[in-house]
Student: 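One structure is given below, represented as structure tokens, and several questions about it will come after.
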Amino acid sequence: MKGDYLGAFEELVLMAVQALGDAAYSASLQRTLEREARRPVSLGAVHSSLERLEAKGLLSSTIGEPTGGRGGRRRRVFTLTRDGRAALRDVRAVRDRLTKTSRAIS
Amino acid sequence: MKLIDRLIGRGDDDRGREMLEDARELFDERVTSRGRLYAWSRRAWDLAALLARPPRPRAAATGDWTTMISRLAVELRHAWRAAIGRPLVSLTVMTSLALGLGLAMLTFTLVDAILVRPLKFPRSGELLMVATEFRPESGYTYDRFALSAPELIDYAEQNRTVQVAAFQPEGVAFADGVNSPERMPAVRATSGVFRILETPPLLGRTLTAADDRAGAPCAAVLSYGLWKERFAGDSGAVGRRLRVNGEPCEVAGVMPASFAFPTEAARMWLPLAVDPDPNTRGNHGLMAVGRLNPGVRLPQARQDLTAMMTRWVQELPHHKGHSVIIAPLRDELVSRVDQQLLVLAGAAVLVLVTIAANMSSLLLAHGEARRREVAVRGALGAARGSLVRQLLMEGWLLAAGGGIAGGIVAWLSLGPIMRAYPAALPRAAEVQFDLRTVGLGLLMSLLIGTLVSVLPALRLTRAWPDALRAGGRGGSSLGLRTQRVLVVSELAIGVAVSVGALLLVQSFVRLQRVPLGFEPDGVTTAIVGVPGGPGRGPARTRQFFADLETRLRSQPGVIAAGAITPLPFVGAPPPDDFTIEGRPIAKPSEAGFNAGYVLVTPGAFDALRIGLVRGRRLDERDGAEAPPVAVISETLARTYWTNEDPVGRRIRYPEGVKDNDWSAWGPWITIVGIVKDIRAINPAQLPRPAIYVPHAQSPRPFYTGRSMGVVVRADPASEPAASLRRVVRDLNPDASLSTIRTMDVLAGAAVAQPRFMGWIMSIFAGIALLVAALGVYGVVAYGVARRTREIGLRLALGASRTSIAELIGRQTLGMTVAGLALGLTAAAGLAWWMRSLLFEVRPFAIDAYAGVCVILAAAITLATVLPARRATRVDPLTALRTE
């Protein structure tokens, strides 16, 4: 099953959720991803990834308190689940190992 | 609100709402950071993504109807995504469906309004038309002819199954005391006509038994249109004084707008006194309408009247060769178009079938391409039913789109078509686009949607795991075979409809080239009448038309002018019996001599350019005091003077109108010339024998000649219509004038029906051929796409490009031959069936068939060459590498 593996974009989304902490909601994630990846990121892609990751059990979401700012809307705030953190860790571990391997070769 | 939310798939869809809000939030930021243009374009993308979001599966049905509707909405959205996912196919399918359904709805509207709907009279199914057929042994040949008064009275009084009443169309001069007299079509009718038709008047009364007496005061029942036009719909119009043919008349009543009898042309109804003299059986001038008595069926009534006629035939010599015609009124009114409309309806259905077949084959081809997708869905546990439903939904969606567009096409084109062909169809005023049409259109769309998607759906979902195993490459040969069968039938229908259309167009062209025997171009016509009555005897009438001719001729720009009754293309010359000097007078049981009686002033021959064959034409010398003369038509000369020269021979008419009344004779009339035959009724009808009698002598008092068709040949720039109007007014302010029309317009109206048929059938044929060519293209292109690997392999192994083109071409050749063979056979059948609509074109005219073959061959070649070229350009390496 594809769900056992993380897609590249999904990985970015997971990392962004981790990075943003309490402020990880869809719009801010889009903004962050677009800024850091230095390419246009579509809102639709962000949403569908979030939905998929939540379905895989790597993210969980809660409806946050209304924000004080403009509009004052209630937002769905995402946090990493234990599985999510584990998945990120696994990915990083794989990367680290691969990096070491490549250094050893060169 | 909640339901709408659920329908568009939002409702409890928090994610959708979040996306909307996110889009707004990001938009505000982008406006400040990157500018408005950028922000808008990004927002548009975000919203597009929101709309294109795949619908999420919902919880299983709970039986709640809103849930069912929302599930339906989900399926619809799936279908929508599928349709916009292949825009070219969807657009092709919907456009062709729109055309096909549009034409079908249009034709249906015509057929429904004209042939199917009951006439607008109470219990109109019981209404009948009664007439007499004259078989050749009677000396005449008419499949429908008017009744004589004694005949009608006998029918009415002696039968036990039907009510019968007499009427008689008549042009009258109508004056309301304000405007100058105008000639218009009216109908003389007995009170029985209104009793039979049962339509109550809108205002006042209809005609009553008191109006049927000879010498009863004139009472006019106005049509709704005339009342609106002349009395501005004033409810006080009843009782107003009028002048009809110069005589005082009173408005008795007004009929409702829906009342049209016998046709929409009639503008008013006037009393008719039927002369009860039993010795006028030979004077056939009355038309008859009837109604079945309660509980009686048509065959009984027919038997009843036929029994009477059989008795007359035995007892009364006059009725030799007569039989009674009794038929539903509606059938008689529409009899001149029923077959044409059925041909059109048949063509519409055939074209629709072609389009449906084409759509089916297109979807089938695409279905093959989707085989893998469907197989995967099946393997993942989608129920077969839900997949079939999904595909059906796609078919319905396309069909509904085509149906709606088709409805708009039909709705928009109905008006212009009816305006372009006013003379082509009876009951034209009743033709309108309505709910029945829309309903039928919807039904047809649904049916087509089902038909075209069921085949691909069943094929796709049958044995799908195999499809997955086959790696999804290529469709089965079965799919291709089905597709080919569909294309062959498309070709066959296209050929049949095109041959039919071409035959009709040829007929119309021939019809237009028929030598009429006179020249209608440049002639202006009107019907001019002078009132009769005391002090306005025949002498004054003759003088009026003689003066009219002289004055008209002196108008600037006028080349020739004259008067003729009946006016060509407007009426048929009434057949009249005469005797020939030196030949025995025909006994009543024998066929005598008869010919159409035409009253003319001398200038009419020049105005119409009727050619002289021998002798002389009529001229000014042939006045009231001069010896009586006449000119006859070629056909008449041939009929009764086969081996002699008729010029110089004499004929005469009986004075009275009673049967066997040979006691009083009119003067001997010398035949002074023979003129060319003219096709006076319409170009398709062979000329009947005609005799031209000078108006100044008018030997038959029966034909008063008070109203005449005036013909003026003039330079159109000289405004002959204005001269005509002015001269008539100056000569006699009481003279009435009908609408002034050019002879071209009358001639056009005379061929309006064949022109209409030719046009509509050509449109049908064009669509059918186009669709058939598209079908061929679809199959070939799909075949090429499917066989790309094979072609690549062949090329790699050394096959030449020509042989590849041949390979593709051979595929079409089989289909074309089969389609042509089937189509030509069907075309012959169609042509035979509609042979009565053809004019001087044999149903098996080889050139029409050959022409269609050539057109089709060209279309098919084009449809094959395009994909075949693509096949020869296949790069073997690429082709083999692609999986």
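In this text the structure is predicted, and so the values were computed from the model without any measurement. Here is the naming used below: chain letters follow the sequence lines, and residue numbers restart at 1 for every chain.
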Student: Salt bridge check: are B:Glu21 and A:Arg76 linked by an N-O gap of less than 4.0 Å?
Tutor: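 A:Arg76 and B:Glu21: not salt-bridged.
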
Student: As an exercise, state the distance from CD of B:Glu25 to OG of A:Ser28, rounded to the nearest 0.5 Å.
Tutor: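 So the gap between those two atoms works out to 8.0 Å.
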
Student: What residue among A:Arg75, A:His47, A:Arg31 forms side chain to side chain donor-acceptor pair (under 3.5 Å) with B:Asp22?
Tutor: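 Testing each of A:Arg75, A:His47, A:Arg31 against B:Asp22, the sole residue satisfying side chain to side chain donor-acceptor pair (under 3.5 Å) is A:His47.
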
Student: Can you confirm whether B:Leu37 is buried at CG, in the sense that more than 12 heavy atoms of other residues, nucleotides or ligands lie under 6.0 Å from that atom?
Tutor: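 Incorrect, the count does not exceed 12.
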
Student: Among residues at least two apart in sequence or on other chains, which ones pass ring-ring contact (aromatic ring centres under 6.0 Å, His included) with B:Trp40?
Tutor: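 Only B:Phe27 meet the ring-ring contact (aromatic ring centres under 6.0 Å, His included) criterion with B:Trp40.
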
Student: Side chain, backbone, both or neither: which part of B:Arg24 has a non-hydrogen atom closer than 4.5 Å to chain A?
Tutor: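 Contact with chain A involves no heavy atom of B:Arg24 at all.
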
Student: Look at atom CG of A:Asp22 and say whether more than 12 heavy atoms of other residues, nucleotides or ligands are closer to it than 6.0 Å.
Tutor: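 No, not enclosed.
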
Student: Taking only residues two or more places apart in sequence, or in another chain, which ones meet B:Arg43 in a salt bridge (Lys or Arg N to Asp or Glu O under 4.0 Å)?
Tutor: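 Here no residue qualifies.
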
Student: Tell me the closest heavy-atom pair linking B:Arg42 and A:Pro40, and the distance in Å.
Tutor: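 Heavy-atom minimum between the residues: NH1-CB, 3.8 Å.
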
